[in-house]
Number of protein chains: 2
Amino acid sequence: MAMDGEGMREMAAGAAAGGRFSGMPLMAVRPGSAAAPAAGGGSTLSLTAGETLYAEGEPAEHWYEVVAGAVRACKLTPDGRRQVVEFHLPGDVFGLDEVDGVRGLTAEAAAAEGRTVVIRRCRRRLESMAEADPRFARRLHEMALRRLARAHARLVLLGRNGAVERVAAFLLEMEARMPRSDAGPGGFCLPMTREDVADHLALTTETVSRTLQMLRRRGAIALPGLRLVRILDRRALQGLGEAAPMPAAPLPMRGASAPGRRLLAA
Amino acid sequence: MAMDGEGMREMAAGAAAGGRFSGMPLMAVRPGSAAAPAAGGGSTLSLTAGETLYAEGEPAEHWYEVVAGAVRACKLTPDGRRQVVEFHLPGDVFGLDEVDGVRGLTAEAAAAEGRTVVIRRCRRRLESMAEADPRFARRLHEMALRRLARAHARLVLLGRNGAVERVAAFLLEMEARMPRSDAGPGGFCLPMTREDVADHLALTTETVSRTLQMLRRRGAIALPGLRLVRILDRRALQGLGEAAPMPAAPLPMRGASAPGRRLLAA
DNA sequence: CGTTGGATTGAGTTATCTCAATAGAAGTGG
DNA sequence: CCACTTCTATTGAGATAACTCAATCCAACG
């Protein structure tokens, strides 16, 4: 599920350099500086948790790249409910999905511990590049299609899976996307609160907590710290995360029977 | 939420004519013929309910336009569960969302009553057109972004809304997208079974049935026939369907000139 | 006119939510 | 450096929306 990584990072670097996908490494930035100039003419923004980069309905004038921390892209309902459509992690590029030049999502810094750092660049430049270079335009298009496929996978996850499966899939995705820094092998640090996770998986914080503890008691994961997770039994999590495509050609034996539900008991 | 309509139809006609968005009307086709030549060099396929156009994982060599009936685009899980990601209705174009040339979804004829008729055309031609004409390529890209926005809206619907709200939103969307033929004003015919609806809204057929009957008893809708629906109190349904983004600020999909605007009109 | 598949209705079960309380970190200021 | 506040996370108990299983109804069709 982690598709932002490679392609986008490469593209971002390329765009930053004003050339084509040269793979130029990103410049390091000082966290704490409010808005410093960055590589390739963009500016570096440092945000505290909760700060919003842009809101749904606003005109879209920039695009962004995450340097540190995390950004949540969400939809907000009038009554205060929230659906985190996607998390943007270091290396990810976002803010390119606008229809008619208007934001369809709200982007806020999500990171816990430490500030969230992003590089902001002008869409105008990107667009003129796309006009000039068809291959670049095609690249942008492919990125959009990838995000679409991702959204489809998430629809299955939310529509057809229980809490355990959602959490398991989420942990596997995060493990794949996060830099493997703390907590040893298979270990990583969640850059968001339980509430963010809950709003992403369409659960409550309580259910997320309970499910995590349940997976821990089962020996599938360890929780060395509040935000730290270590995968102990990847196989077990994958078995649950099965919102997967399909093997050969299962006939429409539409039982619609609940799947891994049973596995909840432990 | 109904965005396939305008833009796509226009594009399809343009593509069919081999030119650029001339707005040429589509040719009528004889339902019942298995695979007849169609306008613009495509072929017309006539399908009975359940027939599949393509399956997840297959190479993507064609794209399609719905002429009559309906097509469901779904994800299937190994254990037989199903999530209908999207319904394609007459006038809609689909089969363009592939990543790496491989189908991410399965497309099957969904229509009840009568056959489903689609026009099939080669992707190759479309791609060479996109390469030749940047404006055409941009159009394709915009379509993808629109579908992405739609998927995001659906994520909210599935993640943050109850059964009543899902069904209400679905009815409003279908009313906006379906030709207003039967059942008088605000009336239309659902081109799919309850099971399809259930698999789309991530509910069970029983819950869909119960919810429809509940809305009927409340006076929000009438159900003149098995597949016929008439909206009686649009206001009531809209109040429920509010998976919507934000009250005050300009709304992305429901504001201004977005085709889905019809959803709120009348 | 009986068969068949979809649709509806009913009764009981359960996964998740809600409400409420506790516990643990992190940060603040005296 | 230690109380104090504050925020986040966990845990418990009861409520509920949706699911499951099962029966019935209905329309289309041979």
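Naming: A, B, ... by sequence-line order, numbering from 1 per chain. On a predicted model such as this, the values are computed, not experimentally measured, just so you know.
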Taking only the side-chain nitrogens and oxygens of A:R227, find out if one of them lies under 4.0 Å from OP1 or OP2 of C:dA25. no
D:dA9 P sits how many Å from A:D199 CG, rounded? 12 Å
B/S/- along nucleotides 22-30 of chain D (protein heavy atoms under 4.0 Å) is ---------
Please classify the nucleic acid contact of B:A49 as base, sugar-phosphate, or nothing, using heavy-atom distances under 4.0 Å. nothing
Residues in salt bridge (Lys or Arg N to Asp or Glu O under 4.0 Å) contact with B:D97, at least two apart in sequence or another chain: B:R147
When the distance from CZ of A:R210 to P of C:dA15 is rounded to whole Å, what number comes out? 13 Å
What is the distance, rounded to the nearest whole Å, between atom CZ of A:R166 and atom C1' of C:dA15? 11 Å
Toward the 5' end of DNA chain C, which comes first, B:R160 or B:T207, by nearest nucleotide? B:T207
In whole Å, I'd like the distance from the CE atom of A:M192 to the P atom of D:dT8. 14 Å
Over all strands shown, is B:A202 touching base, sugar-phosphate only, or nothing at heavy-atom distances under 4.0 angstrom? sugar-phosphate
Measure from CG on A:L223 to C1' on C:dG24 and round the result to the nearest Å. 15 Å
Would you say a side-chain N or O of A:T193 is under 4.0 Å from OP1 or OP2 of D:dT8? no
Would you say B:S209 reaches C:dA7's phosphate, i.e. side-chain N/O to OP1/OP2 under 4.0 Å? no
Measure CG/A:D196 against P/D:dC7 and give the value in whole Å, please. 16 Å
Under the rule for side-chain contact (heavy atoms from CB on, under 4.5 Å), what residues qualify as partners of A:T52, not counting sequence neighbours? A:E108
Nearest whole Å is fine: how far is C:dT8 P from B:L190 CG? 10 Å
Need the bend value for the helix from C:dC1-D:dG30 to C:dG30-D:dC1: angle between end axes, 5 pairs each end, nearest 10°. 30°
Return the polar atom pairs (N/O with N/O) between nucleotides 4-6 of chain D and the protein under 3.5 Å, or none.
none

Indicate whether OP1 or OP2 belonging to D:dT10 is found under 4.0 Å from a side-chain N or O atom of A:R194. yes
Salt bridge check: are A:R177 and A:D92 linked by an N-O gap of less than 4.0 Å? yes
Which ones in residues 211-221 of chain B lie close to DNA chain D, meaning a heavy atom under 4.0 Å from one of its atoms? none
A:V85 vs A:R154, test: side-chain contact (heavy atoms from CB on, under 4.5 Å). Steps then yes/no. CA-CA 9 Å; A:V85 162; A:R154 270 187 225 297; 5.8 Å; no
